[in-house]
Each structure stands twice: as structure tokens, then as C-alpha cells.
Amino acid sequence: MTSKTFEVPNIHCMGCVQAIKNELRELDGVATVNGDARRQTIEVEFEAPASWEAIVAALTEIEYPPAAN
């Protein structure tokens with residue numbers, strides 16, 4: 001299982017966090033999604049068939065792309 005915490009600058013409220021949770025939970029292999037609206041961070045745990053690339057693509061599609069690191 002891979003765990004990744006990352007910043008999403010477009011998060012402004014818990015509604016944003018909920019939208020991200022809803023989207024990522026639809027991906028096969030995503031186990032958990034947690035978010036902090038105040039810090040603008042998301043933590044996701046996933047395994048195959050999910051991948052970081054698929055997560056980034058899903059978030060970009062709903063206009064919540066991760067910050068470039």
C-alpha cells in the first residue's frame with residue numbers, strides 16, 4: 001500500500017475536500033482519502049490498479065490538480 005500526502009492549492013473549504021474524496025474513492029485500488037481544508041492537503045492510500053498518475057489525472061479533470069513539487 002502506498003500513502004501520499006500532497007498539497008492542492010484549489011481547496012477552499014470542506015466541500016472541496018469532499019469533492020476530491022468522492023472522485024478518488026471511485027478509483028479501483030484507492031483505500032482511503034483524507035483531507036485538511038485549512039492546510040489544503042490530501043492524504044491518499046492506494047495500491048494497484050490505482051497509480052499516482054491516475055490520481056493526478058482524476059484530480060486535474062475535476063480542477064483540483066496537486067501542486068507541483
Side-chain angles (χ1 to χ4, degrees):
M1 183 84 50
T2 301
S3 179
K4 189 161 181 80
T5 301
F6 53 94
E7 184 180 343
V8 179
N10 290 354
I11 292 176
H12 299 292
C13 64
M14 285 308 293
C16 298
V17 171
Q18 192 60 48
I20 291 168
K21 286 181 174 185
N22 292 344
E23 185 71 17
L24 294 185
R25 286 180 180 152
E26 291 183 9
L27 296 176
D28 287 339
V30 171
T32 62
V33 182
N34 294 299
D36 184 327
R38 187 175 52 81
R39 292 186 176 159
Q40 297 180 309
T41 58
I42 295 292
E43 179 184 4
V44 62
E45 289 185 325
F46 62 96
E47 61 187 5
S51 67
W52 176 241
E53 292 77 18
I55 290 168
V56 170
L59 292 175
T60 300
E61 185 176 312
I62 62 167
E63 299 184 13
Y64 289 107
N69 290 330

(request) Identify the two heavy atoms, one from Pro66 and one from Pro9, that lie closest to each other, and give their separation to 0.1 Å. (result) C-CD, 4.5 Å
(request) Sequence neighbours left out, what passes side chain to side chain donor-acceptor pair (under 3.5 Å) with Thr32? Give chain and number order. (result) Glu45
(message) Considering only residues two or more places apart or on different chains, which pairs with a residue in residues 19-43 satisfy ring pair (Phe, Tyr, Trp, His ring centres under 6.0 Å)?
(response) none
Table please: side-chain donor-acceptor pairs of residues 11-26 below 3.5 Å, with sequence neighbours left out.
| residue | atom | partner | partner atom | Å |
| --- | --- | --- | --- | --- |
| His12 | NE2 | Asn10 | O | 3.3 |
| Gln18 | NE2 | Asn22 | OD1 | 3.0 |
| Asn22 | ND2 | Gln18 | O | 3.4 |

Quiz: residues 47-56 side-chain donor-acceptor pairs under 3.5 angstrom, not counting sequence neighbours:
| residue | atom | partner | partner atom | Å |
| --- | --- | --- | --- | --- |
| Ser51 | OG | Ala54 | N | 3.1 |

(request) Output all residues satisfying side-chain contact (heavy atoms from CB on, under 4.5 Å) with Thr2, sequence neighbours left out; order by chain, then residue number. (result) Phe46
(request) Could you list all the side chain to side chain donor-acceptor pair (under 3.5 Å) pairs where at least one residue sits in residues 54-65, not counting sequence neighbours? (result) none
